[in-house]
Amino acid sequence: MTDIIFSFDTEDFTSSVAADAVVEEAKLLNKYGIKGGFSVVGLLAKQLQSWKRQDVIAALKEHIIGNHSYGHTLHPTINEYTDLADFDAAKREVLRQETLSEDLIYDAIGRKPLAFCCPPGNQKSYVAMYTYADMGYPIYADTVCDTPDGRGMYYCNIFHSQYTYCMEEFFDMKSEDELGAVLDMLATQKRAIVYTHPNMALFSDWWDKNYKKYNHCEFGEWEPCQRRPLEETRRYYRYLDRFMQLIKEDPRFHISNYEELAAKLKAEKKRVISRAEVPLLEKALQEKWYPILQPKSLSIADMFLAAREFLLGAKEHICEKVYGFLDTPYAIGEETVVSAYDVVEAAKAMDVTGFLPCEIFVGGVKLGPGD
């Protein structure tokens with residue numbers, strides 16, 4: 001059975017009219033008893049209050065709220081302001097902006113968005129991933145880090161789940177019969193996130209054209225988007241309605257949500273690597289470097305830290321927060337001999353409280369972490 005999550009990138013802070021679509025799409029979810037995930041941009045939350053859109057705020061309160069970043073495409077974007085050599089400085093700025101986003105959403109909607117985070121689609125900053133994990137978000141949605149069948153994986157200390165299908169493709173369908181092929185595709189997944197941008201139900205171009213490559217205008221002086229013909233919008237809502245009905249009635253699907261997924265993740269047993277599993281993991285790495293899914297979901301850093309603990313005499317390693325590399329790991333280019341004693345001593349001296357070392361000195365010989 002496929003878990004289906006309905007997700008809504010709620011981001012257009014340039015138009016009060018665009019917010020009408022949030023209300024309409026929330027009504028459709030309510031009709032079928034579905035809890036949708038609305039990832040809200042902090043600046044939009046602020047604008048909803050400025051526009052006195054209590055109807056939109058009330059509609060959002062009935063669903064699950066996530067953080068869609070402070071300013072979305074407003075420059076500097078997440079990728080731009082985290083493009084620093086100083087990881088800690090970049091992380092501090094993510095924390096500052098995303099805490100502000102949380103506060104704006106809390107002020108408008110009444111609760112902080114702890115169910116999930118969903119940064120803009122083209123803003124995949126690893127610094128932000130680590131920061132969201134430290135902020136307590138259990139799920140990072142709309143990612144590039146997932147399995148082909150959508151079961152999700154841990155990356156940068158947070159559970160990642162990819163977007164699967166954009167419901168705006170309904171605009172290109174000739175008839176509702178084409179929805180059947182979409183359902184068949186979704187049924188091949190372990191988990192599928194179907195998503196849309198509410199503003200696109202009403203407009204045929206993107207609101208953030210105002211921020212393409214640079215900030216084209218002062219805040220509040222935006223170029224309006226082109227409205228869709230009314231019948232085109234109505235047709236889209238009919239398809240969306242029918243799609244929800246088909247999902248609800250199809251026994252191949254279980255309608256889930258971000259809060260349900262977060263609860264499952266919290267209830268999972270801790271991931272533990274035992275010494276006895278080392279040969280199995282070594283074989284798995286030889287067959288496929290990443291990801292490791294059996295006998296459990298593991299990162300390369302998990303296995304590196306486990307190997308270090310085993311060298312120091314531990315019988316098992318409990319997987320917790322891990323940090324990868326900030327630079328390209330070194331690797332030897334020729335056969336090198338070191339003593340077992342020096343390997344153990346190097347393991348003892350290694351600082352593993354932060355990012356993994358890119359080079360390791362073993363008895364005066366430089367090795368790489370893979371070596």
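Not measured: the values here are computed from a predicted model. Numbers for residues simply follow the sequence, beginning at 1. Side chains are part of it too, since the values below use all heavy atoms of this structure and drop only hydrogens, waters and symmetry mates.
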ask   = More than 12 heavy atoms of other residues, nucleotides or ligands under 6.0 Å from CD of Q226: is that the case?
value = no
request  = Determine whether more than 12 heavy atoms belonging to other residues, nucleotides or ligands lie under 6.0 Å from atom CD of E249.
outcome  = yes
query = Can any side-chain N or O of N210 pair as donor or acceptor with the backbone N or O of E223 at less than 3.5 Å?
reply = yes
remark   = Tested for ring-ring contact (aromatic ring centres under 6.0 Å, His included) against Y323, the lone hit among Y126, Y155, Y130, F87 is Y130
ask   = side chain to side chain contact (heavy atoms under 4.5 Å, CB included) between S125 and T77: does it pass, once the steps are laid out?
value = CA-CA 10 Å; S125 164; T77 63; over 6 Å; no
query = Less than 6.0 Å separating the ring centroids of F13 and F219?
reply = yes
ask   = What do the steps show when you test F170 against F243 for ring pair (Phe, Tyr, Trp, His ring centres under 6.0 Å), and what is the final call?
value = CA-CA 10 Å; F170 297 164; F243 182 66; 5.2 Å; yes
query = Does Y106 OH have over 12 foreign heavy atoms under 6.0 Å away?
reply = no
note = Distance col, row H197:NE2 vs M200:CE, nearest 0.5 angstrom, shows 8.5 Å
request  = State plainly whether one hydrophobic cluster holds both Y195 and I139, where clusters connect Ile, Leu, Val, Met, Phe, Trp and Tyr through side-chain heavy atoms under 4.5 angstrom apart.
outcome  = yes
message = Do Y132 and F116 have side chains that approach each other closer than 4.5 Å (heavy atoms only, starting at C-beta)?
response = no
request  = Supply the atom-to-atom distance E25 CD to D241 CG, rounded to the nearest 0.5 angstrom.
outcome  = 11.5 Å
request  = State plainly whether the residues R53 and D20 are in salt-bridge range, i.e. N to O under 4.0 Å.
outcome  = yes
inquiry  = Could you tell me if R228 sits above the aromatic ring of F203, with its cationic atom closer than 6.0 Å to the ring centre and no more than 45 degrees from the axis?
reply    = no
key: K283/E287 salt bridge by N-O under 4.0 Å criterion   = yes
ask   = Under 6.0 Å from the six-membered ring centre of Y239 and within 45° of its axis: does the NZ or CZ of R235 meet both?
value = yes
message = Please evaluate residues H75 and Y214 with respect to the criterion ring pair (Phe, Tyr, Trp, His ring centres under 6.0 Å), reporting the C-alpha separation (whole Å), side-chain torsions for both, the decisive distance (0.1 Å), and the verdict.
response = CA-CA 6 Å; H75 297 278; Y214 63 92; 7.6 Å; no
key: Pair D3 + K190: basic N to acidic O under 4.0 Å   = no
Worked check of side chain to side chain contact (heavy atoms under 4.5 Å, CB included) between I273 and E316 = CA-CA 6 Å; I273 303 175; E316 66 178 23; over 6 Å; no
ask   = About how many Å separate CD of E93 and CG of D88, when rounded to the nearest 0.5 Å?
value = 13.5 Å
query = Applying ring-ring contact (aromatic ring centres under 6.0 Å, His included), which residue pairs with at least one partner in residues 50-74 are found, sequence neighbours left out?
reply = F38-H63, H68-H72, H72-W207
inquiry  = Can you see whether Y154 has R271 sitting over its ring - NZ or CZ less than 6.0 Å from the centre and within 45° of the normal?
reply    = yes
ask   = Does R191 come within less than 4.0 Å of D149, counting only side-chain N to carboxylate O?
value = no
ask   = Distance from L305 atom CG to S299 atom OG, nearest 0.5 Å?
value = 8.0 Å
request  = List in chain and number order the residues that pass side-chain contact (heavy atoms from CB on, under 4.5 Å) with Q286, two or more places apart in sequence or in another chain; answer none if no residue qualifies.
outcome  = E282
inquiry  = How long is the straight-line distance from CD of Q123 back to SG of C118, given to the nearest 0.5 Å?
reply    = 12.0 Å
query = Is it the case that D134 and T131 place a side-chain donor and acceptor less than 3.5 Å from each other?
reply = no
remark   = Taken to the nearest 0.5 Å, the spacing of M185 CE from T2 OG1 works out to 10.0 Å
ask   = Can you name the one residue among L48, L60, N67 that meets side chain to side chain contact (heavy atoms under 4.5 Å, CB included) with I105?
value = N67
E24/R234 salt bridge by N-O under 4.0 Å criterion = no
message = Could you check whether atom NZ of K209 has more than 12 heavy atoms from other residues, nucleotides or ligands sitting under 6.0 Å from it?
response = yes
query = Side chains of L311 and V343: closer than 4.5 Å at any heavy-atom pair?
reply = yes
